[in-house]
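Quick notes on the structure that follows.
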Protein chains: 2
Amino acid sequence: MRRATMRDVAAAAGVSFKTVSRVVNDEPGVSGPLVDKVQAAVAALGYRHNLAARSLRHSEQRTASMAVLLQDLSNSFSAQLMRAIDDVARERDLVVMATSLDEEEEREHGLVANLIKRRVDGLIMMPASRDHAYLQREVSAGFHVVLIDRPPINVDVDFVVVDNVGGAKQATNHLLQQGHRRIAVITDEVRVATARQRLDGYRTALAEAGVEYDGALVRAARSREAAAEAVQELLASANPPTAVFSARNVITEGTALALRRAGLSDRIAMVGFDDVPWAELLSPGITVIKQDALAVGRLAAELLLSRMEGSTDPPRHQVLPVQLIPRGSGEIQTS
Amino acid sequence: MRRATMRDVAAAAGVSFKTVSRVVNDEPGVSGPLVDKVQAAVAALGYRHNLAARSLRHSEQRTASMAVLLQDLSNSFSAQLMRAIDDVARERDLVVMATSLDEEEEREHGLVANLIKRRVDGLIMMPASRDHAYLQREVSAGFHVVLIDRPPINVDVDFVVVDNVGGAKQATNHLLQQGHRRIAVITDEVRVATARQRLDGYRTALAEAGVEYDGALVRAARSREAAAEAVQELLASANPPTAVFSARNVITEGTALALRRAGLSDRIAMVGFDDVPWAELLSPGITVIKQDALAVGRLAAELLLSRMEGSTDPPRHQVLPVQLIPRGSGEIQTS
DNA sequence: CGCCGATAAGACAACGTTGTCAGGCAAGTG
DNA sequence: CACTTGCCTGACAACGTTGTCTTATCGGCG
């Protein structure tokens, strides 16, 4: 049941195990007949090269692997990031370890420690924690990190984010332009950096338009259901909003659901942050601030790979633009 | 820039490297003062345990890692499978390598070979290939494989699939019951096992109802756009269908899109295979055959883990039921 | 015929760790 | 006081591989 090793192959082929090593690695300096004998023995024994042992001895201690830690792989935004990263990794024959952090700080710490023990070559992470100083020591030791979606805190490493403040401002301004003054906003919990930034953009836009900020119109929700509930409550309140800015994809889903249930899809305006695949299937279509997840993922992967290939540029900070896509829901005028 | 090893830590702490090993592994038999000295040296040097070296020597050659090969991680079905698998793996502290096969047979072969070289403990795969005999040798050598979504061919290993034939029959019967006789079906390409099975179910249901099979109503499409185009063509044909069975999630999306563009969402009936998150947001809502991706993933992961923990049961074949969820689109009567 | 160079093949240490064993020392026992 | 017992500690081989070095073999050439 034990797997065959080079020694076993060598014994079977009647050569030294070093000769097997040469054949397996396609190194020159082995005569034709011996190559054949070794290959026959490899096939007969089902021998498989052991990369762990190889990278242990091999001068350049590379494992040809990287890790991706995202918020939730089943969420379409994370899933698209993963896909884009994987596409880039694939070209370089890198294996990608992936998992979800679920906004759990301790899980992040535990996983990073584990990945370093495995000597993974690099990491792309959408951090759950709010202090990334612990990464400094590992980065100095040659572990490469690129943060994604959220900027690093207390450490300076490569990162790729989108213009959350600008996007939220744009969404809010768009609704203001349709005459709305009571604009609700549903964000992720405030410990999430993007939620804070999008809330910032919302407040800035209101302030610039001279509209007073009303905390009663602000809600946090982690899930589609929680968002739907929050919207339902807002609609039932004494002074309900006439428009909603839903600051994340699952929240947009919940908001659309609540509006539909209330039969107000045509009356209450809404703009969502994150494009969603079904936005144009609804009537009205959902107006969104689209962030290009594939571009974010690809860029992050390229930054990481350049580090793995030896780049020593100072940390690179990439902020990608977002784009408002009007589809109907955001163009509903105040009545 | 080189990472500290146990020897470095030992030198710094003034002990033998074996003592460091004991401390790092929380083994008993090291006096309190020495433990402290070693831990101080570990912290000072930023030492990190090297798991590759460990598992090389460690008697039980486990890497505490597994791999997941799915069709497309950015597709919500694959993403949910991944999520469910990862949740189970997490409980056992397994690292999960994940990637998309994109229905490319060669990619599957290359990846499996690579994963075996890395001595991954197990694999969950939605296979792209149509002959899995090559897995036999690896399984015999102690590599554990669970297939998912599609049954194994020419090899007998654990697998988890859903009742594709039954689901497709159910979908077709449902449409027949509304009086439809010209029911189009859009599937994935026929080389995909699930596409063939769902087409089988469709044909069986027609036959049982005494409705003649019309090849002109059958289309294959790999993407949302291709599906939308196929539906558009069918609608424009001389003898258009009155109902559509869309046999996969992206196809359902494309079908909904095409119907909406043609303004026929309320006239042409449709049932989709795979639930989609936005199905109830539309009007009419989309009637679907729901397969429980999370259950499939969880079950597959549990089968794999039981193998990794030593189960030698004969290969287990799991077929999960599917469920028709009426939401409106499938209940449109023939006019 | 003797020597040299090139080439093929193997011996052996090393990678960073764990498993096994032996040695040292202190405390307990007769 | 000698002997045993038990606990710490370290020396050393081993895991499966690659890198370096040495040895054997052969053909070519003067």
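In what follows, chains carry the letters A, B, and so on, assigned in the order in which the sequence lines appear, proteins first and then strands, with residues in each chain numbered from 1.
- The nucleotide whose nearest atom lies closest to any side-chain atom of B:K18 is, among D:dT17, D:dG10, C:dT17, D:dG10.
- Within the 4.0 Å cut-off from OP1 or OP2 of C:dG10, at least one side-chain nitrogen or oxygen of A:T19 is found.
- Whole-Å rounding puts the B:K117 NZ to D:dT17 C1' distance at 14 Å.
- Atom CZ of A:R7 is separated from atom C1' of C:dG10 by 12 Å (rounded to the nearest Å).
- Remark: P of C:dA14 and CG of B:L56 are 17 Å apart, rounded to the nearest angstrom.
- Nucleotide C:dA9 holds its C1' atom 15 Å from the CE atom of A:M6, rounded to whole Å.
- Using a 4.0 Å heavy-atom criterion, one finds that B:L51 contacts no nucleic acid atom at all.
- Residue-to-nucleotide proximity on DNA chain C shows that, of A:V30 and A:F17, the 5′-proximal contact is made by A:V30.
- Listed by chain and number, the residues in a side-chain hydrogen bond (donor to acceptor under 3.5 Å, both in side chains) with A:T63 are A:S65, A:D121 (sequence neighbours excluded).
- Heavy-atom minimum distance, A:R150 versus A:P127: NH1-O, 2.7 Å.
- Whole-Å rounding puts the A:R48 CZ to D:dT17 P distance at 13 Å.
- Looking at A:R3, A:R48, A:R2 one by one, the single match for salt bridge (Lys or Arg N to Asp or Glu O under 4.0 Å) with A:D8 turns out to be A:R2.
- For B:A133, the side chain to side chain contact (heavy atoms under 4.5 Å, CB included) partners at least two apart in sequence or on another chain are B:D131, B:N154.
- Within 4.0 Å of B:V24, counting heavy atoms only, lies no atom of the nucleic acid at all.
- Residue B:S31 has a polar side-chain atom (N or O) positioned under 4.0 Å from OP1 or OP2 of D:dT9.
- One can place CZ of B:R118 at 15 Å from P of D:dT17, the figure rounded to the nearest angstrom.
- When the side-chain nitrogen and oxygen atoms of B:N25 are compared with OP1 and OP2 of C:dT18, one or more of them lie within a distance under 4.0 Å.
- A donor and an acceptor atom sit less than 3.5 Å apart, one in the side chain of A:R22 and one in the base of C:dG10.
- Using a 4.0 Å heavy-atom criterion, one finds that A:G29 contacts the sugar-phosphate atoms exclusively.
- A:S21 comes within 4.0 angstrom of a base, heavy atoms only.
- Atom NZ of A:K37 is separated from atom P of C:dA8 by 16 Å (rounded to the nearest Å).
- Straight-line distance from the CD atom of A:E27 to the P atom of C:dA8: 13 Å, rounded to whole Å.
- One donor-acceptor pair, N or O on each side, does fall under 3.5 Å between the base of D:dT18 and the side chain of A:R57.
- The environment of CD in A:E309 is crowded: more than 12 heavy-atom neighbours from other residues, nucleotides or ligands sit within 6.0 Å.
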